[in-house]
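Following: one structure in structure tokens, then a few remarks.
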There are 2 protein chains.
Amino acid sequence: MNNSNRTIISRRARPAKQPLSQDLIVQTALELLKSEGSPGLSMRKIAKALDTGPSSLYVYVANLQELSAFVLDNALAKVDFPEEDQGSWKSRLFDVLQSYLSVLYEAPGVAELSLTTIPAGPHSLAMMEYILRQLHEGGIRSTSAAWGVDLLLLYVSSVAFEQSSRDRKGTTLHAISASYRSLDPSQYPLISGLKEELLSSGGQEDKEGQQGYEGEARFRWGLEAILQGIVTRNNG
Amino acid sequence: MNNSNRTIISRRARPAKQPLSQDLIVQTALELLKSEGSPGLSMRKIAKALDTGPSSLYVYVANLQELSAFVLDNALAKVDFPEEDQGSWKSRLFDVLQSYLSVLYEAPGVAELSLTTIPAGPHSLAMMEYILRQLHEGGIRSTSAAWGVDLLLLYVSSVAFEQSSRDRKGTTLHAISASYRSLDPSQYPLISGLKEELLSSGGQEDKEGQQGYEGEARFRWGLEAILQGIVTRNNG
DNA sequence: ACCTGAACACCGTTCAAGT
DNA sequence: ACCTGAACACCGTTCAAGT
């Protein structure tokens with residue numbers, strides 16, 4: 001620093017520079033991820049936001065990968081678990097997964113994290129346990145249940161990620177839409193004939209609600225399909 | 001360069017420095033991706049492999065994202081389509097998806113690409129068309145078919161990615177295994193009870209074949225479950 | 001038209017040095 | 001024990017300049 005012989009003008013807007021801690025780092029990282037997307041999740045940017053150098057973070061966090069895992073689990077704290085004495089197990093199951101989806105939608109980067117980092121934090125475990133409990137109540141046990149949770153969570157993460165990676169760049173949606181429309185129908189008759197259906201990939205087609213009507217319908221369709229399959233495999 | 005007054009000793013091992021082209025760039029990129037994983041897919045490394053500077057690549061490719069899309073489609077050229085006059089539509093469907101999975105397994109980075117980049121290249125379109133044709137033959141049409149392909153491809157990509165991101169770091173599997181084993185059974189009774197099933201995530205438990213027996217079984221289970229669901233939704 | 005060098009604005013991680 | 005500065009070895013992309 002070159003302000004050694006200069007009285008400090010103002011100790012920043014920050015509240016007197018809180019001491020660092022893992023929690024503070026993780027929270028700052030999550031804020032950056034939400035405001036700037038996945039490029040916001042960088043050691044250097046987090047350090048800058050905390051008014052320090054990147055090397056300081058390594059006291060509380062092994063590396064970026066570990067930090068990412070913490071950030072994901074922190075975000076998952078917001079997932080809502082419906083009370084277990086109301087409604088059917090199936091409606092509760094759909095509701096958690098819907099809530100999980102909303103949390104992932106909140107920030108484009110979080111969806112990517114959910115696919116990229118292995119979920120072993122307490123919040124993710126709590127969600128798995130809750131889902132397993134609903135499946136159990138629905139008579140789905142053992143292998144079917146274990147593989148089923150994975151499949152369901154994978155589905156939700158993928159939907160969220162696909163969606164958020166489209167939002168990232170308006171170009172991409174235009175690009176794919178254009179490429180479908182310019183297809184040679186004689187070479188790709190089925191794709192050509194299903195253009196519209198293929199493109200309604202769960203996106204927010206309207207500007208209003210959290211998620212378009214089409215998107216919500218498609219999300220539930222996929223969920224029902226997977227669950228249907230799990231149930232059938234379980235009983236068959 | 002500082003060898004201006006020095007006769008060139010040897011024009012590298014490369015065959016007399018081929019002129020650049022999009023195809024050469026894409027192929028080199030794919031080779032690097034296979035040999036070094038996703039960090040290998042960098043403009044600078046590709047340029048170095050081609051014995052030029054990174055800026056030279058921008059004549060043939062808009063940016064890294066576009067190049068990635070080309071690389072993915074190039075890799076998908078290897079997907080095998082079973083002859084359509086043999087076996088059932090279902091066995092053909094499973095076989096393409098199995099072949100798709102093998103291609104993604106070939107390189108850890110390719111699996112990641114398949115999740116991250118929107119597939120609009122000719123090889124990916126050909127695969128979609130083929131799958132739609134099998135579904136059509138199985139009586140699955142319209143929305144069910146359109147959303148079904150997406151779901152099936154998503155599943156395969158995710159399985160491949162999950163697997164390859166585990167291979168990347170032996171630590172991660174150990175870490176998750178450890179975290180499951182150290183769980184408080186009273187807090188997470190169902191997860192604790194299903195430890196084994198949850199951990200058999202389609203991985204190669206044996207050192208021999210391309211894929212472990214457990215892994216193959218789990219992969220097919222997921223496929224059957226999804227397909228079952230699609231069929232039921234389609235008819236119901 | 002194609003290629004190059006140099007620069008710009010970034011990365012993650014380490015490490016000796018300070019308090 | 002915690003924090004810092006400086007360095008190392010990387011990124012993608014642009015742009016003026018050369019052929």
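Per chain, numbering begins at 1; letters A, B, ... match sequence-line order.
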>> In the structure I gave you, are the side-chain heavy atoms of B/Asp73 and B/Pro119 within less than 4.5 Å of one another anywhere?
In response: no
> If we take the C1' atom in both C/dC10 and D/dA9, what is their distance in whole Å?
Replying inline: 13 Å
>> Measuring only the C1' atom in each nucleotide, how far is C/dA17 from D/dC2? A whole number of Å is fine.
In response: 13 Å
Does a side chain donor of either [X] or [Y] reach within less than 3.5 Å of an acceptor in the other side chain?
X: B/Ser21; Y: B/Asp23; value: no
X: A/Gln98; Y: A/Glu216; value: yes
X: B/Ser192; Y: B/Tyr180; value: no

>> So, OP1 or OP2 of D/dT4: does either fall under 4.0 Å of a side-chain N or O from A/Ser56?
In response: yes
>> Please check: side-chain N/O of A/Glu66 versus main-chain N/O of A/Ala62, any donor-acceptor pairing under 3.5 Å?
In response: yes
>> Tell me if a side-chain donor or acceptor on B/Glu197 pairs with a main-chain N or O of A/Ala146 at a distance below 3.5 Å.
In response: no
> Yes or no on side chain to side chain donor-acceptor pair (under 3.5 Å) for B/Ser158 and A/Tyr155, after CA distance, side-chain angles and deciding distance?
Replying inline: CA-CA 9 Å; B/Ser158 305; A/Tyr155 173 67; over 6 Å; no
> By ring-ring contact (aromatic ring centres under 6.0 Å, His included), which residues pair with A/Phe70, not counting sequence neighbours?
Replying inline: none
> Which string of ( ) [ ] | and . matches DNA chain C, if you list each base 5' to 3' and count Watson-Crick or G-U pairs only when both distances are under 3.5 Å?
Replying inline: ||.|||||...|||||.||
>> If I take atom CG in residue A/Asp51 and atom P in nucleotide D/dC3, what distance separates them, rounded to the nearest angstrom?
In response: 12 Å
>> Between C1' on D/dC2 and CD on A/Gln22, what's the gap in Å once rounded to a whole number?
In response: 15 Å
> What does nucleotides 7-19 of chain D look like as a protein-contact string, B for base, S for sugar-phosphate only, - for none, at under 4.0 angstrom between heavy atoms?
Replying inline: B---BBBBB----
